[in-house]
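Here's the structure we're looking at; comments come further down.
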Amino acid sequence: MSLLPLRQGGTHARKRLYCLPYAGGSAGIYRSWPELVSPDINIWGVEYPGHGSRIGESLVDCVEKLADSVANAIAAERTPYVLFGHSMGSLVAFETCHRLATYNAGTPELLVVSGHRAPRLPPSTPSLHAAPDAEFIAHLRELGATPPEVFGSSELLELMLPILRSDFRACETYAPPARSPLHIPIAVYGGLADKDTSCDSLRAWKHETTRDCVVRMFSGGHFFLRDSASRVAAVLEHDLANAFTSHRADRASGDTKAFSPNRTP
């Protein structure tokens with residue numbers, strides 16, 4: 001699993017943010033974030049096989065296998081860090097946390113899951129990864145993340161459709177096993193106009209942790225990260241500050257206090 005530095009705060013930076021992309025996306029979707037998030041945080045994008053800079057590699061259509069790779073890449077991490085994933089990235093980040101806990105490796109100070117219902121809830125739409133091209137493409141148009149030029153080019157569609165189908169298959173076939181919840185605080189981000197993720201489906205993430213779980217809602221649909229970029233960045237900055245402050249307090253006291261979801265800015 002490739003970890004791409006999007007912004008490094010220098011040798012003295014003591015915080016990291018790992019960002020996992022949505023289906024069909026690459027680490028590059030987060031390339032603007034260094035301009036939005038505090039410069040004392042090292043920002044890394046996760047690049048899935050067959051995406052972005054790894055376009056020539058074989059695709060992986062399994063959340064668990066992707067999580068294995070991410071967990072192996074960061075298992076030795078000793079710098080305090082946070083995992084952020086949007087849509088498909090939420091599932092991979094969530095499963096990565098369970099992998100790290102199993103390894104007894106360093107887990108993140110905070111898991112931020114964005115644009116995805118809690119993993120044990122039934123899907124809100126029919127499975128689409130094996131749908132006919134016309135139906136699949138119509139759904140992609142509705143989601144609004146795929147650039148319009150892709151739909152107008154048979155060559156680009158030929159390149160992107162296998163990637164998107166593989167990622168959709170990974171999400172639609174993922175079924176987390178029965179197991180103990182995480183001991184990691186969770187912040188859940190959602191779009192107010194996202195038809196596939198209701199507030200209730202986002203609140204259900206609280207069952208996946210023994211610690212605090214807070215839900216933040218933003219203007220926009222499924223890709224509110226783009227529609228409300230500055231607001232998302234401000235709230236994320238707030239949640240990162242709380243998580244890293246709690247980490248310092250825990251180390252000083254020897255306690256394992258929960259993340260404190262203070263009021264957002």
Considering residues at least two apart in sequence or located in another chain, which fulfil the salt bridge (Lys or Arg N to Asp or Glu O under 4.0 Å) criterion with Arg165? Asp133
I'd like to know if the side chain of Ser26 pairs up with that of His51 as donor and acceptor (distance under 3.5 Å, no hydrogens or angles considered). no
Considering only residues two or more places apart or on different chains, which pairs with a residue in residues 172-186 satisfy salt bridge (Lys or Arg N to Asp or Glu O under 4.0 Å)? Glu95-Arg179
Of Leu202, Val113, Val235, Val215, the residue whose pairing with Tyr189 passes side-chain contact (heavy atoms from CB on, under 4.5 Å): Val235
Partners passing salt bridge (Lys or Arg N to Asp or Glu O under 4.0 Å) against Glu149 (at least two apart in sequence or in another chain): none
Check side-chain hydrogen bond (donor to acceptor under 3.5 Å, both in side chains) between Tyr30 and all other residues, then give those that pass, not counting sequence neighbours. none
Short N-O contact, Glu64 and Arg99, less than 4.0 angstrom: no
Same apolar cluster (I L V M F W Y, side chains within < 4.5 Å links), Leu161/Phe168: yes
Can you find a heavy atom in the side chain of Leu17 that is under 4.5 Å from one in the side chain of Trp44? no
Flag the pair Arg216 and Asp239 as a salt bridge only when some basic side-chain nitrogen lies within less than 4.0 angstrom of an acidic carboxylate oxygen. yes
Return the orientation label for the Phe224 and Phe218 ring planes: parallel under 30°, perpendicular over 60°, tilted otherwise. parallel
Show your working on salt bridge (charged side-chain N to carboxylate O under 4.0 Å, His left out) between Arg203 and Asp200 and close with a plain yes or no. CA-CA 5 Å; Arg203 292 189 188 103; Asp200 284 344; 2.7 Å; yes
Considering residues at least two apart in sequence or located in another chain, which fulfil the side-chain hydrogen bond (donor to acceptor under 3.5 Å, both in side chains) criterion with Lys206? none
Got a sec, which residues hit side-chain hydrogen bond (donor to acceptor under 3.5 Å, both in side chains) with Glu77, two or more places apart in sequence or on another chain? Arg16, Tyr18, Thr79
Is any NZ, NE, NH1 or NH2 atom of the basic residue among Lys15 and Glu109 found under 4.0 Å from an Asp or Glu carboxylate oxygen of the other? no
Side-chain (Arg117) to main-chain (Ser198) donor-acceptor, under 3.5 angstrom: no
Do Asn42 and Tyr81 make a side-chain contact, defined as non-hydrogen atoms from C-beta onward lying under 4.5 Å apart? no
